[in-house]
Colleague: 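Can you read through this structure? Questions will come right after.
As the structure lists them, so they are numbered: ligands from 1, and atoms in each ligand from 1. Note that the structure is a prediction, hence the values are computed from the model and not measured.
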Amino acid sequence: MAHVHERTWWKEAIVYQIYPISFFDSNGDGIGDLNGIFAKLDYLKDLGVDVLWLSPIYRSPLADMGYDIADYQNIDERYGTLDDWDNLLKGCHERGMKLVMDLVVNHSSDEHEWFLQSRSSKDDPKRDWYIWRPPKVDSAGNKVPPNNWRSVFQGSAWDYDEKTEEYYLHLYVSKQPDFNWDNLDVRKAVYDLMKFWLDRGCDGFRMDVINLISKVDGLPDAPISAPGESYQPASMYYANGPRVHEYIREMEDEVLSKYDIMTVGETPFTHDAEELAAYVLPANKELNMVFQFELMDIDSPMEGPQRVPLIKKEWKLEELREITVRWQLYKRDEGFWNAIFIENHDHSRAVSRYGNDSPQWRSLSAKMLAILEVTQGGTLYVYQGQELGLQNFPRSWGIEEYKDVASQNYWHRILKQRQRESGKEDVDMSDVLDGFSQKARDHARVPMQWDKSSNAGFTTGTPWMRVNEDYETWNVSSQLQNLSSVLSFYKSALKLRKTHPIFTYGDFVDLSGNHPQVFAYLRTLDGAQALVVLNFKETPVAFQLVDVEGLDQYRLALANYDENAGPGGGRLAADGKIIMRGYEGHIYLRS
Ligand code: GLC
Ligand code: CA
């Protein structure tokens, strides 16, 4: 017997992630803002969205686009004011929608007053709020970082501070110093700022890299997995560390348990389901769900224990299927809950990665991926522009269009290395740009495409990032008018999901066999059945259903080709053979 999942609003929610700087600019300064989001609430409601999750909008120098916070209790001027936020919240609530904030508390900005105090002297009361260590000294007598950890965004994970002659730890860029979570005052300060937002009416948090808050005692050197490099991938010493669960439970006790909210933890560098289950299983009283990255990592090569996100590796349907099925089945009887997503602000566009963005297949494969998403159990996330089938920007764009610090730092590390090795200034970087054109985070961060007017209707000014070139045809306005657009399809698909709890709560049975190009599965709930068949390739294929009872009772509920009903009027053939065209996807319901 499968576990009967308790039904709650956050399980059924369709969550829409907004990347505020690129969503909609209300005042012509080229930067998206809170009033811009407010202006689009009816669009989101009409799409079928229940919850908005905003990437960070707090005061920030934007060294990592707001994931470096200088004041947790204020809105960055560029995005608006606290009044604007209150107004946005009201607008959401009036429409029956909720508003979730991004909680970035593994690290702050180096411009946060807590860090300024911490770095001011070794005796400052806030010294211990961050992770400071004395230098090591190498054989030549030079000061070197306390260990060999590599920052996720290149170089050492330590920066030297002249004033107090110590290093501080930053797992991301040097402007993102890591908090010392072992200090109780830090934890209390975090709980206070969480309460500040919750008491103001915020409906929950997406918790940035929350599995990194507890580092292994002694901060030992990482094993050498990138030979010849000074700094080594070290996630084994900072992901899912020794006290992480103790701290999250404390947070739940002090804060989360007191509100009716949703929580989703971002948990990178972890493919071990057991490890992640600990955050999610209801018995543990921690988080509602986590974002696991197995699917996101599928096209990235390994380097030691970690993936290299900016290089493209080919992936196979078998892998996607195996990952999806495993998580859909995982610990259901113990109440494990999935977060379903195929895009976010840290990855390139899904249609370009998992679908096919050539003109012939773009719209069809984007819709096929929509079916893959809306038919999985868990809480569903849609990233801004995904509902339009937005694709990566072109390979012809130069490195100057890549604004992300992760892209820039990686580029400069490889550039310097090649210049050093060849002794020449001018080195070939085209392979790196090939990787970027498929994998960089920048693709998800270009302005949202609203209409065919200049700058895609995103701003009347100069957009902070270049607008993708296809906006005259690929935009909200034109897709709203077109019943066979990706956007219209998303609306139908989200509605279907909301109408039938089987998609959110049902059991999952894989029917694919080892088929080279089809992913097929059955969902069941309380005597109801839904059947999903997806063709992941351009070539047509005949797929034979086996072990499905009552074939004659299934009716087509949604399909991504316009002329879909076929000779049987949307019924399954009695022999269970389904002919699928390129990237075709079907959902059948049994009644
Ligand atoms: C998370 C965010 C990412 C950010 C990083 C550091 O992975 O999603 O955008 O760069 O944390 O805060
Ligand atoms: Ca603006």
Colleague: Please determine if the Ca ion (ligand 2) has an N/O/S atom from Ile31 lying under 3.0 Å away.
Modeller: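 So Ile31 does bind the Ca ion (ligand 2) by this criterion.
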Colleague: Which residue and non-hydrogen atom of the protein lie closest to atom 7 (O) of ligand 1, and at what distance in Å?
Modeller: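 The closest one turns out to be Glu266 OE2, 2.8 Å.
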Colleague: Quick test of your reading of the model: are Asp404 and Arg441 salt-bridged, counting only N-O distances below 4.0 Å?
Modeller: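 Result for this pair is yes, salt bridge flagged.
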Colleague: Verify the distance test for Asn35 against the Ca ion (ligand 2): any N/O/S atom under 3.0 Å, yes or no.
Modeller: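 Under 3.0 Å: Asn35 has no N, O or S contact with the Ca ion (ligand 2).
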Colleague: Charged N to carboxylate O under 4.0 angstrom, Lys40 versus Asp46?
Modeller: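 The answer is no: the pair does not qualify as a salt bridge.
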Colleague: Please state which protein non-hydrogen atom is closest to atom 4 (C) of ligand 1 and give its distance, to 0.1 Å?
Modeller: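 For atom 4 (C) of ligand 1, the nearest protein heavy atom comes out as Asp64 OD2, 3.2 Å.
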Colleague: Under a 4.0 angstrom heavy-atom cut-off, which atoms of ligand 1 come close to Arg445?
Modeller: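 Listed by number with element, the hits are 9 (O).
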Colleague: Just checking Tyr354 against His347, ring centres under 6.0 Å apart?
Modeller: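 Ring centres of His347 and Tyr354 not closer than 6.0 Å.
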Colleague: I'd like to know whether ligand 1 has Met65 as a neighbour, heavy-atom separation below 4.0 Å.
Modeller: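 It does not; every heavy atom stays at 4.0 Å or beyond.
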Colleague: Looking from the Ca ion (ligand 2), what is the angle between OD1 on Asp29 and OD1 on Asn27, to the nearest 10°?
Modeller: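 Here the angle at the metal atom is close to 80°, to 10°.
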Colleague: Please confirm whether Arg206 comes under 4.0 Å of ligand 1, counting heavy atoms of the residue only.
Modeller: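 A heavy atom of Arg206 does come that close to ligand 1.
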Colleague: State whether Glu303 and Arg307 are salt-bridged, where the test is any N-O pair (Lys NZ or Arg NE/NH1/NH2 against Asp/Glu carboxylate O) under 4.0 Å.
Modeller: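 A salt bridge is absent here (no side-chain N lies under 4.0 Å from a carboxylate O).
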Colleague: For ligand 1, which atoms sit closer than 4.0 Å to a heavy atom of His107?
Modeller: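 By the 4.0 Å cutoff, the relevant atoms are 6 (C), 12 (O).
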Colleague: Is it true that Asp178 and Lys215 have a side-chain N and a carboxylate O under 4.0 angstrom from each other?
Modeller: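 Salt bridge flag = yes for Lys215 with Asp178.
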Colleague: Taking the six-membered ring of Trp158, is NZ or CZ of Arg133 closer than 6.0 Å to its centre and within 45° of its axis?
Modeller: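 Pair Arg133/Trp158 does not count as cation-pi.
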Colleague: Using a strict 4.0 Å cut-off to heavy atoms of Arg441, name the atoms of ligand 1 that fall inside it.
Modeller: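 Close to Arg441: 3 (C), 4 (C), 9 (O), 10 (O).
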Colleague: Check whether any heavy atom of Met207 sits under 4.0 Å from an atom of ligand 1.
Modeller: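 Per 4.0 Å heavy-atom rule, Met207 does not contact ligand 1.
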Colleague: Would one find an N or O of Tyr172, backbone or side chain, under 3.5 Å from an N or O of ligand 1?
Modeller: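 By distance alone, the answer is no.
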Colleague: Give the numbers and elements of all ligand 1 atoms closer than 4.0 Å to a heavy atom of Val209.
Modeller: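 Answer, ordered by atom number: 1 (C), 7 (O), 11 (O).
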Colleague: Find all atoms of ligand 1 within a distance of less than 4.0 Å from any non-hydrogen atom belonging to His345, and give their numbers and elements.
Modeller: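 Result: 2 (C), 3 (C), 8 (O), 9 (O).
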Colleague: Taking 4.0 angstrom as the limit and counting only heavy atoms of Phe153, give me the atoms of ligand 1 inside it, by number and element.
Modeller: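 In order of number, 10 (O).
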Colleague: For Asp182, is there an ion pair with Arg243 - N to carboxylate O distance below 4.0 angstrom?
Modeller: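 Yes, charged N to carboxylate O under 4.0 Å.
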Colleague: Among all protein non-hydrogen atoms, which one is nearest to atom 9 (O) of ligand 1, and what is the separation to 0.1 Å?
Modeller: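 Of every protein heavy atom, Asp346 OD1, 2.7 Å lies nearest to atom 9 (O) of ligand 1.
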Colleague: I need the OD1(Asp25)-the Ca ion (ligand 2)-OD2(Asp33) angle, rounded to 10 degrees.
Modeller: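 With the Ca ion (ligand 2) as the vertex, the angle is close to 90°.
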Colleague: Within 45° of the ring axis of Trp397 and under 6.0 Å from its six-membered ring centre, is that where the NZ or CZ of Arg466 lies?
Modeller: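 Satisfied, under 6.0 Å and within 45°.
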Colleague: In the protein, what heavy atom is nearest to atom 11 (O) of ligand 1, and what distance, to one decimal place, separates them?
Modeller: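 The closest one turns out to be Asp208 OD1, 2.9 Å.
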Colleague: Is any side-chain N of the basic residue among Asp299 and Arg353 closer than 4.0 Å to the acidic one's carboxylate O?
Modeller: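 Salt bridge flag = yes for Arg353 with Asp299.
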Colleague: Does this structure show an ion pair linking Glu166 with Arg119, if we count only N-O contacts that are shorter than 4.0 Å?
Modeller: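 Salt bridge flag = no for Arg119 with Glu166.
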Colleague: Carefully, step by step, assess Phe179 and Arg187 under the rule side-chain contact (heavy atoms from CB on, under 4.5 Å).
Modeller: CA-CA 9 Å; Phe179 281 118; Arg187 306 205 297 278; over 6 Å; no
